[in-house]
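Okay, structure first, notes after.
We use all heavy atoms of the structure for the numbers below, so side chains are in, but hydrogens, waters and symmetry mates are not.
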Amino acid sequence: MYKNYNYLRRRLMIPEYGRHIQEMIDSLLEIEDRDERTRQAKAVIAVMGNLNPLLRDTADFTHKLWDHLFIMSDFKLDVDSPYALPTREDLDVKPEKLEYPQSNISHKHYGKNIVRVLNRLKYEDIENAEGEYINAFKYMHNKSSEYNQEHPTSEMIANDIKILTEGAINLDTEWLKKVEMEHKSASSHQKAKRQQRPQQRQQQKGGRKSVQRHNTQK
């Protein structure tokens, strides 16, 4: 017994319309009289429009239906269309290639934004913009640690800043020591807070238990 599976049939140009519409359009190509062929093509357009009744009132809906009719006929249908006939070349137009900005960064793991920040800080005195210097330094320290999977020294970060700014920013040793001391004190403070949290939770639990016992004794 012959089984007519879809994967054995001809590939549909626009599958959304289904195989019955495709067969109707194929039958139009067999009509010899041009006037009759045009009349039947308009009937097929009406059927195609009935498949999407909600889109009938949209702009250029009928134009799209005629374009789909010619596409599904493989541009072989010769009828009087109320619109300009589409061509295969019009549909095969490829979009223009996008030009991506190319910029060479010696330390790509820091990103472009930090380079912009450092280029702006080149013209700022470190005493007047010390907070921005420290934020940029800490950001680069964290990114270097993530990228290299090791703890970088302050001298390494200072050297990277010097390279990225082409020698315009040269952080001295005293300033680096100051930032290190602030970073260590902040880290130790956060560590102490983390250690206090479990103790506070245990104290809160102990207080709740004592209150419950007191209530049960009453």
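Identified under the ring pair (Phe, Tyr, Trp, His ring centres under 6.0 Å) test for residues 9-29, with sequence neighbours left out: Tyr17-His68. Within the structure, ring pair (Phe, Tyr, Trp, His ring centres under 6.0 Å) contacts touching residues 27-64 (residues at least two apart or in different chains) are His63-Tyr83. Among pairs with a residue in residues 139-158, those fulfilling salt bridge (Lys or Arg N to Asp or Glu O under 4.0 Å) read Lys143-Glu146, at least two apart in sequence or across chains.
Under the salt bridge (charged side-chain N to carboxylate O under 4.0 Å, His left out) criterion, Arg11 pairs with no residue at all, not counting sequence neighbours. In this structure, Tyr139 has no ring pair (Phe, Tyr, Trp, His ring centres under 6.0 Å) partners at least two apart in sequence or on a different chain.
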For residues 121-128, tabulate all N or O donor-acceptor pairs below 3.5 Å that involve a side-chain atom, not counting sequence neighbours.
none

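For Arg37 and Glu32, the salt-bridge test fails: no basic side-chain N is under 4.0 Å from an acidic carboxylate O.
Residues Arg116 and Asn119 bring no donor and acceptor atom of their side chains to less than 3.5 Å of each other.
No more than 12 heavy-atom neighbours from other residues, nucleotides or ligands sit within 6.0 angstrom of CD on Glu166. A 6.0 Å sphere centred on NZ of Lys177 holds no more than 12 heavy atoms belonging to other residues, nucleotides or ligands.
Residue Ala84 comes nearest to Asp67 through the heavy atom pair O-OD1, 4.4 Å, listed as atom of the first residue, atom of the second, then distance. Leu85 approaches Ser81 most closely through the heavy-atom pair CD2-CB, 3.8 Å. Taking all atoms of both residues into account, the shortest heavy-atom contact from Pro86 to Phe75 is O-CD2, 3.6 Å.
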